[in-house]
Amino acid sequence: MNHFLDINKTDPAALRAMIDAGHAMKAARNGRPKGLPDDDQPLAGRMVALIFEKPSTRTRVSFDVGVRQMGGQTMVLSGADMQLGHGETIADTARVMSRYVDLIMIRTFEEATLLEMAEHATVPVINGLTNRSHPCQIMADIMTYEEHRGPIRGRKVVWSGDGNNVFASFAHASGQFGFDLTFTGPEPLDPEQIFLDEAHAKGATVRIERDPFRAVEGADLVVTDTWVSMHDPQSARERRHNQLRPYQVNETLMARAKPDALFMHCLPAHRDDEATSAVMDGPHSVIWDEAENRLHAQKAVVRWCLGV
Ligand code: CP
């Protein structure tokens with residue numbers, strides 16, 4: 001049984017096959033209306049549960065649409081409305097859900113919840129984001145980079161901002177896909193050292209450069225994310241804004257990257273905080289393709305999990 005829990009826990013050949021399948025499935029749809037099914041229906045007769053303990057637009061809609069395009073059915077569940085939110089254990093929830101559905105995608109707070117769900121489920125479990133990682137997002141980001149610029153292997157990716165869960169999945173991916181990764185941000189918001197150590201152990205170059213302008217020199221891809229994540233206390237908002245303001249991705253910063261550098265943001269964005277509208281809507285930006293590719297990349301992840 002294939003769980004998709006994190007990029008560093010998934011075989012690199014499987015990751016590559018999923019990215020390639022995402023490209024192929026996107027091409028096969030060839031711009032047809034979103035509600036029309038794919039030509040092949042690998043999920044016919046399958047039921048997928050999408051559990052959300054945190055808000056979501058992209059993850060919720062892209063999984064729901066993707067499963068339906070492949071012939072499957074979905075149920076979208078709020079953790080708060082389940083017994084899960086009222087004291088039933090994760091393990092018991094996993095055992096029960098496995099009797100009803102063929103696959104579980106869960107967005108939750110603690111990584112431990114995801115891991116417990118996977119341990120006790122008898123169907124595949126997909127990580128739709130935890131406080132610690134967001135692997136589906138980075139699968140879409142790799143697909144988007146390669147759609148525009150070819151193989152990401154050997155490229156320079158620069159993350160400017162908070163060393164959060166999305167950065168962590170980029171660090172996981174740097175080791176698995178073989179690209180160089182630079183983190184630039186204030187020291188109190190550095191990523192956990194383990195993410196860098198794991199990437200180094202897999203032969204990737206991951207470094208911290210405190211000066212954002214030096215960091216983006218020669219970058220092929222510049223990435224940022226919201227300054228206050230869903231699990232951060234709102235009381236930290238002002239402090240984080242002050243710490244992160246020098247790391248805003250604006251036209252001056254992008255001008256130091258390679259002329260053909262791409263800009264990505266997983267969204268939702270706080271325009272003119274972590275990135276200016278001029279960059280988000282400018283010539284380097286591929287954020288809408290990035291959002292669309294959640295759909296195609298995740299369809300490939302779902303097929304891999306189910307072996308169909
Ligand atoms: N990027 C992302 O995961 O978006 P949502 O929070 O809207 O799902």
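First listed ligand is number 1; within each ligand, the first listed atom is number 1. These values consider heavy atoms only, across backbone and side chains, with no hydrogens, waters or symmetry-generated copies. Note that the structure is a prediction, hence the values are computed from the model and not measured.
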- Task: Report the C-alpha separation of Lys156 and Asp220 in whole Å, then their side-chain angles, then the decisive distance to 0.1 Å, and conclude whether the salt bridge (Lys or Arg N to Asp or Glu O under 4.0 Å) test is met.
- Result: CA-CA 5 Å; Lys156 178 178 178 180; Asp220 295 290; over 6 Å; no
Item to complete: Show your working on side-chain contact (heavy atoms from CB on, under 4.5 Å) between Gln248 and Leu253 and close with a plain yes or no.
Response: CA-CA 8 Å; Gln248 180 193 66; Leu253 190 67; over 6 Å; no
Problem - Working for side-chain contact (heavy atoms from CB on, under 4.5 Å), residues Met47 and Val67 - result: CA-CA 9 Å; Met47 179 63 75; Val67 169; over 6 Å; no
Would you call Lys26 and Met143 a side-chain contact if the rule is heavy atoms closer than 4.5 Å? yes
Report task. Step by step, work out the side-chain contact (heavy atoms from CB on, under 4.5 Å) result for His172 and Ile138. Result -> CA-CA 9 Å; His172 288 156; Ile138 276 45; over 6 Å; no
Ligand-protein N/O pairs under 3.5 Å (ligand 1):
| from | atom 1 | to | atom 2 | distance (Å) |
| --- | --- | --- | --- | --- |
| ligand 1 | 1 (N) | Gln137 | OE1 | 3.0 |
| ligand 1 | 1 (N) | Cys266 | O | 3.0 |
| ligand 1 | 1 (N) | Leu267 | O | 2.8 |
| ligand 1 | 1 (N) | Arg294 | NH1 | 3.4 |
| ligand 1 | 3 (O) | Thr59 | OG1 | 3.2 |
| ligand 1 | 3 (O) | Arg107 | NH2 | 2.9 |
| ligand 1 | 3 (O) | His134 | NE2 | 2.8 |
| ligand 1 | 3 (O) | Arg294 | NH1 | 3.1 |
| ligand 1 | 4 (O) | Arg58 | NE | 2.9 |
| ligand 1 | 4 (O) | Leu267 | O | 3.4 |
| ligand 1 | 6 (O) | Arg107 | NH1 | 2.8 |
| ligand 1 | 7 (O) | Thr57 | N | 2.7 |
| ligand 1 | 7 (O) | Arg58 | N | 2.9 |
| ligand 1 | 7 (O) | Arg58 | NE | 3.1 |
| ligand 1 | 7 (O) | Arg58 | NH2 | 3.0 |
| ligand 1 | 8 (O) | Ser56 | OG | 2.7 |
| ligand 1 | 8 (O) | Arg58 | N | 3.4 |
| ligand 1 | 8 (O) | Thr59 | N | 2.9 |
| ligand 1 | 8 (O) | Thr59 | OG1 | 2.7 |
| ligand 1 | 8 (O) | Arg107 | NH1 | 3.4 |
| ligand 1 | 8 (O) | Arg107 | NH2 | 3.2 |

(Q) For a side chain to side chain donor-acceptor pair (under 3.5 Å) check, start with the C-alpha distance between Asn127 and Lys9, then their side-chain angles and the critical distance, and finish with the verdict. (A) CA-CA 12 Å; Asn127 176 357; Lys9 294 177 179 165; over 6 Å; no
